[in-house]
Amino acid sequence: MREKLVAGNWKMHGGLAQNEALLEQVIAGMENVRGMGCAVCVPFPYLFQAQSMLHGTAISWGAQNLSQHDKGAFTGEVSASMLLDFGCRYAIVGHSERRAIFGDDDATVALKFEAAQRAGLIPILCVGETLAERESGVTEAVVARQIDAVTGKLGVAALSKAVLAYEPVWAIGTGKTASPDQAQAVHAFIRGKIAGQSKDVAENLVIQYGGSVKGANAAELFAMPDIDGGLIGGAALDAQEFLAICRAAQR
Ligand code: PGA
């Protein structure tokens, strides 16, 4: 049985004092939340702080990106083994902001996914269509292409040690959440597509929804059969909102 996973994606937000207050509240609030997984993906400089504060709690932590290279002359890059040094469990790969602003194409995302797994990290692979793509009816084709870039290179079994996040680009940071039915339709498509290659991998794969999830809409999204929690941007910066979302993911 899949357990739901709620992961915060802080993006480029935070500061030492602000993070400390946020994490203290999340740690306290999570003490009586059971039957779900909880994680925060923080900016690189705050991994040490996340590790110091979250070590020994039920909350995992991770990064929002990593290098596809293991080591070498790559100025400004951060490798998977460096993330492991700070106790990371997860690394987000292929977030739409990385794809759109920093040029992470499907091939690069597949290399980053592979680099994360090679080091023992769990990649959270983000996929999702833009508004123009949805309106021209190619949502499934786009999502399939983004997944195939990884499974075509690494095999479908690679998804057995990964998390998928369906994040329609038009719903990210816009306040426009996909309706539970809209999201479920794409989640079911994704799981069905993967089941075509491996029923077992498909059944066990955690597929998160991301895009303007908040305390007020989490429960109805998470009630859908193929939505296994969420990747949370803005609402992850507010402890009470984030905790409400975590509670909505409880079994
Ligand atoms: P949002 O971001 O919750 O602020 O829409 C989600 C994400 O980008 O992962």
Side-chain angles (χ1 to χ4, degrees), residues 4-14 18-19 22 26 36-44 46-47 50 59-66 88-104 109 112-113 116 121-131 133-134 139 142-143 146-147 162-180 182-184 186-187 190 206-222 224 227-249:
K4 288 187 171 53
L5 173 66
V6 173
N9 170 15
W10 288 5
K11 310 194 180 187
M12 200 170 73
H13 294 290
Q18 198 181 326
N19 305 343
L22 174 59
V26 172
M36 54 81 63
C38 174
V40 288
C41 294
V42 308
F44 294 133
Y46 302 131
L47 284 171
I59 305 159
S60 305
W61 59 97
Q64 301 165 15
N65 180 35
L66 79 166
C88 286
R89 180 171 169 83
Y90 299 103
I92 298 173
V93 300
H95 189 279
S96 63
E97 286 150 17
R98 301 252 13 130
R99 292 180 190 262
I101 305 168
F102 300 101
D104 285 11
V109 172
K112 290 184 173 189
F113 181 106
L121 294 165
I122 300 174
I124 299 178
L125 171 64
C126 300
V127 299
E129 82 287 3
T130 62
L131 185 58
E133 288 164 341
R134 172 160 285 259
T139 295
V142 168
V143 166
Q146 291 170 332
I147 295 172
V163 170
L164 219 68
Y166 168 59
E167 298 205 308
V169 178
W170 49 272
I172 295 178
T174 57
K176 279 189 213 152
T177 320
S179 72
Q182 270 177 327
Q184 166 60 24
V186 181
H187 282 238
I190 292 172
V206 168
I207 309 178
Q208 300 177 309
Y209 168 78
S212 300
V213 179
K214 33 187 189 287
N217 60 22
E220 54 175 12
L221 285 161
F222 298 169
M224 303 310 279
I227 301 183
D228 310 315
L231 187 56
I232 317 301
L237 300 172
D238 178 317
Q240 295 320 313
E241 278 292 316
F242 187 64
L243 286 165
I245 296 166
C246 290
R247 283 193 294 270

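Order of appearance sets the numbers: ligands from 1, and atoms from 1 within every ligand.
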Undergrad: Taking everything shown except Arg89 itself, do over 12 heavy atoms lie less than 6.0 Å from its CZ?
TA: no
Undergrad: Passes side-chain contact (heavy atoms from CB on, under 4.5 Å), Ile122 versus Val163? Steps please.
TA: CA-CA 7 Å; Ile122 300 174; Val163 170; 4.0 Å; yes
Undergrad: Looking at every non-hydrogen atom in both residues, tell me the closest pair between Ile92 and Cys126 and how far apart they are.
TA: CG2-SG, 3.7 Å
Undergrad: Rounded to the nearest 0.5 Å, what separation is found between the CZ atom of Arg99 and the CD atom of Gln146?
TA: 4.0 Å
Undergrad: Which pairs of N or O atoms, one from ligand 1 and one from the protein, are separated by less than 3.5 Å, and what is the distance for each pair?
TA:
residue: ligand 1; atom: 2 (O); partner: Lys11; partner atom: NZ; Å: 3.4
residue: ligand 1; atom: 3 (O); partner: Ser212; partner atom: N; Å: 3.4
residue: ligand 1; atom: 3 (O); partner: Gly233; partner atom: N; Å: 2.9
residue: ligand 1; atom: 4 (O); partner: Gly234; partner atom: N; Å: 2.9
residue: ligand 1; atom: 5 (O); partner: Gly173; partner atom: N; Å: 2.7
residue: ligand 1; atom: 5 (O); partner: Ser212; partner atom: N; Å: 2.7
residue: ligand 1; atom: 8 (O); partner: Lys11; partner atom: NZ; Å: 2.7
residue: ligand 1; atom: 8 (O); partner: His95; partner atom: NE2; Å: 2.7
residue: ligand 1; atom: 9 (O); partner: Asn9; partner atom: ND2; Å: 3.4
residue: ligand 1; atom: 9 (O); partner: His95; partner atom: NE2; Å: 3.3
residue: ligand 1; atom: 9 (O); partner: Glu167; partner atom: OE1; Å: 3.3
residue: ligand 1; atom: 9 (O); partner: Glu167; partner atom: OE2; Å: 2.6

Undergrad: What side-chain donor-acceptor pairs closer than 3.5 Å can you find for residues 229-246, not counting sequence neighbours?
TA:
residue: Asp238; atom: OD1; partner: Gln240; partner atom: N; Å: 3.0
residue: Asp238; atom: OD1; partner: Glu241; partner atom: N; Å: 3.1
residue: Gln240; atom: NE2; partner: Gln25; partner atom: OE1; Å: 3.3
residue: Glu241; atom: OE1; partner: Gly215; partner atom: N; Å: 2.8

Undergrad: Is the shortest side-chain heavy-atom distance between Pro168 and Tyr209 below 4.5 Å?
TA: yes
